[in-house]
Amino acid sequence: MENGKKIVLSGIQPSGIPTIGNYVGALRNWPLLQGEDRLCYYCVANLHAITVKQDPDVLRQNTLSLVALLLACGVDPKRSVVFVQSDVKEHCELSWVLNCSTYMGELGRMTQFKDKSSKHADNINAGLFTYPVLMAADILLYQSDIVPVGEDQRQHIEICRDIAIRFNKNHGDIFTIPEGYTPKVGARVMSLQNPAQKMSKSDPNPNGFASIIDTPEAIQKKFRKAVTDCDGVVRYDPENKPGVSNLLAIYTSFTGMSMAEAEARFAGENYGALKNGTAEAVIEGLKPIQAEYSRLMGSVDYLHEVMEDGARRASEAAARTVKRVYAAMGFNA
Ligand code: ATP
Ligand code: LTN
């Protein structure tokens, strides 16, 4: 809580262009959480992004573009604090302290670590292992009450809560214990090429994901190539028909229809109709965001002002927490 307002915090890595999975699982909920009784902090997590190799020029460009996209999705930088993680030095400071309150065993159980180490076997760095500790620092620095995330991040919210509870027990009541918040539909959009895997913006196969700024033609093409199955019936059954169910889930996320309505809409039709209908719904849903994104990318100075203002406001709040933590540790505060 800050001045009687609940604190909301979330982050997204500038590790590529956000996908429709990031959009329905996370980004589109961010503006909806803005309200009179809440203060939202939205962070471009570039320190997290370097746990995987990044080209500095591409990272710089993706960071700017992500700020523009957040605003295009409806985040209002006057009401919310939009900032870049590396601009607020307290993230690294708190992360170190929390590292010393986190067990190797806990971190070794994280499925994202196991996943990413198998995907990047040539670069299993210590940052990939301690990634959840930096994420806990992001959350705890702002005394966050609510953390909106997609399904894949729930385990990281749990470890953050465990770290905070342990720290409070050992050092006094310093951190607010946060709650995760996951949307009812679209919390886990799967890859179009491999419906057993979540859709990911850093997938080396661009046909696996549709990005928020893909052209209508690219979106049509990627959905046309989506993996389905061979029994030809449009029915929601994630276990036995993961590809078709993923398309239906995307369709309902973009149209607001219920699953029963979506099944009825495609009853008796072939998969071509489902793929086409889903692509159309996505294209329509993204249109206003893409238009606003293009407009904002023409105002680079404005985007830099947003980042500077966000960094200043975030730093004020973060510094207050680090001061209390340092004092509790016996450091000069
Ligand atoms: P990367 O591919 O680089 O690991 P990512 O696409 O998984 O990145 P993040 O930046 O790590 O995305 O996540 C930003 C937010 O989007 C998080 O809240 C995460 O839970 C959510 N998210 C990511 N992928 C999906 C998905 N496929 N479906 C729903 N939500 C998702
Ligand atoms: N790890 C997150 C991105 C992220 C985040 C955060 C989410 C970084 N810091 C703080 C919520 C709160 C991910 O989605 N991979």
Side-chain angles (χ1 to χ4, degrees), residues 7-30 33 40-54 58-59 62-63 66 69-70 73 83-86 88 91 94-95 98 110-113 115-117 119-120 127-128 130-142 144-161 164 178-206 208-212 246 249-250 253 314 318:
I7 304 296
V8 175
L9 177 131
S10 198
I12 178 164
Q13 304 178 71
S15 47
I17 306 293
T19 68
I20 55 171
N22 297 127
Y23 176 64
V24 297
L27 295 185
R28 83 165 165 192
N29 303 308
W30 291 10
L33 287 162
C40 302
Y41 289 89
Y42 292 130
C43 166
V44 174
N46 58 348
L47 297 169
H48 277 109
I50 62 164
T51 53
V52 167
K53 278 200 191 87
Q54 302 288 341
V58 175
L59 187 63
N62 281 344
T63 302
L66 195 46
L69 261 181
L70 299 189
C73 286
F83 69 102
V84 177
Q85 194 181 26
S86 64
V88 181
H91 289 252
L94 183 60
S95 184
L98 297 181
M110 296 293 114
T111 53
Q112 180 176 299
F113 171 67
D115 233 45
K116 293 223 166 169
S117 4
K119 275 194 197 141
H120 305 277
L128 203 56
T130 58
Y131 180 114
V133 181
L134 177 59
M135 182 163 155
D138 299 344
I139 296 169
L140 301 177
L141 266 180
Y142 301 95
S144 310
D145 299 283
I146 307 166
V147 186
V149 283
E151 193 62 50
D152 63 305
Q153 294 300 311
R154 290 210 65 93
Q155 204 185 18
H156 289 165
I157 305 288
E158 274 315 305
I159 195 175
C160 168
R161 289 169 54 91
E179 301 276 350
Y181 168 88
T182 309
K184 289 195 179 54
V185 278
R188 191 169 172 84
V189 175
M190 309 310 282
S191 156
L192 298 178
Q193 286 298 308
N194 177 2
Q197 245 179 36
K198 74 157 195 154
M199 184 179 282
S200 162
K201 63 173 123 61
S202 55
D203 187 342
N205 179 357
F209 60 87
S211 101
I212 306 191
N246 189 38
I250 296 172
S253 303

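One-based numbering, in listed order, for ligands and for the atoms of each. One is the number of the first residue; the rest follow in order along the sequence. Since the model is a prediction, treat every value here as computed from it, not as a measurement.
- When Leu141, Leu47, Leu9 are ranked by how near their heavy atoms come to atom 12 (C) of ligand 2, first place goes to Leu9.
- Residue Val147 touches ligand 2 through its side chain alone, judged by heavy-atom distances below 4.0 Å.
- Without hydrogens or angle criteria, Arg28 side chain to Cys73 main chain gives no donor-acceptor distance under 3.5 Å.
- His91 contributes no side-chain N or O that, together with a main-chain N or O of Leu134, makes up a donor-acceptor pair within less than 3.5 Å.
- Looking at ligand 2, you'll find an N or O of Gln153 within less than 3.5 Å of one of its N or O atoms.
- Taking the six-membered ring where tryptophan is involved, the planes of Tyr41 and Phe83 are perpendicular, since the angle between them exceeds 60° and thus also 30°.
- Short contacts between ligand 2 and Ile139, defined as distances under 4.0 Å to a heavy atom of the residue, involve ligand atoms 10 (C), 12 (C).
- Looking at Lys201 and Ser211, their side chains never bring a donor and an acceptor atom within 3.5 Å of each other.
- In this structure, the side chain of Gln155 engages the main chain of Thr111 through a donor-acceptor pair within 3.5 Å.
- Of all protein heavy atoms, the one lying nearest to atom 9 (N) of ligand 2 is Asp138 OD2, 2.7 Å.
- Residue-level proximity to ligand 2 for Val149 is carried by the side chain, the only part with a heavy atom below 4.0 angstrom.
- Here the shortest heavy-atom pairing between Gly21 and Met199 reads N-SD, 3.8 Å.
- Considering all non-hydrogen atoms of both residues, Thr19 and Ser200 come closest at CG2-C, 3.9 Å.
- When every heavy atom of Ser10 is checked against every heavy atom of Pro148, the shortest pair comes out as OG-O, 2.7 Å.
- Side-chain atoms of Ser191 do not come within 3.5 Å of backbone N or O of Gln197 as any donor-acceptor pair.
- Heavy-atom minimum distance, Pro14 versus Asn62: O-CB, 3.5 Å.
- Residue, atom and distance of the protein heavy atom nearest to atom 3 (C) of ligand 2 are Gly11 O, 3.5 Å.
- Against a heavy-atom cut-off of under 4.0 Å, His48 is close to the following atoms of ligand 2: 8 (C), 9 (N).
- By the 4.0 Å heavy-atom criterion, Cys43 is excluded from the residues contacting ligand 2.
- Side-chain atoms of Gln85 and Asp138 include a donor-acceptor pair closer than 3.5 Å.
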Which N/O atoms of ligand 1 sit under 3.5 Å from a protein N/O, and at what distances?
{"unit_1": "ligand 1", "atom_1": "2 (O)", "unit_2": "Ser200", "atom_2": "OG", "d": "2.4"}
{"unit_1": "ligand 1", "atom_1": "2 (O)", "unit_2": "Ser202", "atom_2": "N", "d": "3.3"}
{"unit_1": "ligand 1", "atom_1": "2 (O)", "unit_2": "Ser202", "atom_2": "OG", "d": "2.6"}
{"unit_1": "ligand 1", "atom_1": "3 (O)", "unit_2": "Ser15", "atom_2": "OG", "d": "2.6"}
{"unit_1": "ligand 1", "atom_1": "3 (O)", "unit_2": "Ser202", "atom_2": "OG", "d": "3.2"}
{"unit_1": "ligand 1", "atom_1": "4 (O)", "unit_2": "Lys116", "atom_2": "NZ", "d": "2.5"}
{"unit_1": "ligand 1", "atom_1": "6 (O)", "unit_2": "Asn22", "atom_2": "ND2", "d": "3.3"}
{"unit_1": "ligand 1", "atom_1": "6 (O)", "unit_2": "Lys201", "atom_2": "N", "d": "3.2"}
{"unit_1": "ligand 1", "atom_1": "7 (O)", "unit_2": "Lys198", "atom_2": "NZ", "d": "2.3"}
{"unit_1": "ligand 1", "atom_1": "8 (O)", "unit_2": "Lys201", "atom_2": "NZ", "d": "3.0"}
{"unit_1": "ligand 1", "atom_1": "10 (O)", "unit_2": "Gln13", "atom_2": "N", "d": "2.9"}
{"unit_1": "ligand 1", "atom_1": "10 (O)", "unit_2": "Lys201", "atom_2": "NZ", "d": "2.7"}
{"unit_1": "ligand 1", "atom_1": "11 (O)", "unit_2": "Gln13", "atom_2": "NE2", "d": "2.9"}
{"unit_1": "ligand 1", "atom_1": "12 (O)", "unit_2": "Asn22", "atom_2": "ND2", "d": "3.1"}
{"unit_1": "ligand 1", "atom_1": "12 (O)", "unit_2": "Lys201", "atom_2": "NZ", "d": "3.1"}
{"unit_1": "ligand 1", "atom_1": "16 (O)", "unit_2": "Asn22", "atom_2": "ND2", "d": "3.1"}
{"unit_1": "ligand 1", "atom_1": "18 (O)", "unit_2": "Gly150", "atom_2": "N", "d": "3.2"}
{"unit_1": "ligand 1", "atom_1": "20 (O)", "unit_2": "Gly150", "atom_2": "N", "d": "2.8"}
{"unit_1": "ligand 1", "atom_1": "20 (O)", "unit_2": "Asp152", "atom_2": "OD1", "d": "2.6"}
{"unit_1": "ligand 1", "atom_1": "24 (N)", "unit_2": "Lys198", "atom_2": "NZ", "d": "3.2"}
{"unit_1": "ligand 1", "atom_1": "27 (N)", "unit_2": "Val189", "atom_2": "O", "d": "2.8"}
{"unit_1": "ligand 1", "atom_1": "27 (N)", "unit_2": "Met199", "atom_2": "N", "d": "3.4"}
{"unit_1": "ligand 1", "atom_1": "27 (N)", "unit_2": "Met199", "atom_2": "O", "d": "2.9"}
{"unit_1": "ligand 1", "atom_1": "28 (N)", "unit_2": "Val189", "atom_2": "N", "d": "2.9"}
{"unit_1": "ligand 1", "atom_1": "30 (N)", "unit_2": "Gly21", "atom_2": "O", "d": "3.3"}

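- For the ligand labelled ligand 2, residue Gln13 lies inside the 4.0 Å heavy-atom shell.
- For ligand 2, the atoms closer than 4.0 angstrom to any heavy atom of Ala45 are 8 (C).
- The closest protein non-hydrogen atom to atom 15 (N) of ligand 2 is Tyr131 OH, 2.7 Å.
- Using a 4.5 Å cut-off on side-chain heavy atoms (C-beta onward), Asn22 and Phe209 make no contact.
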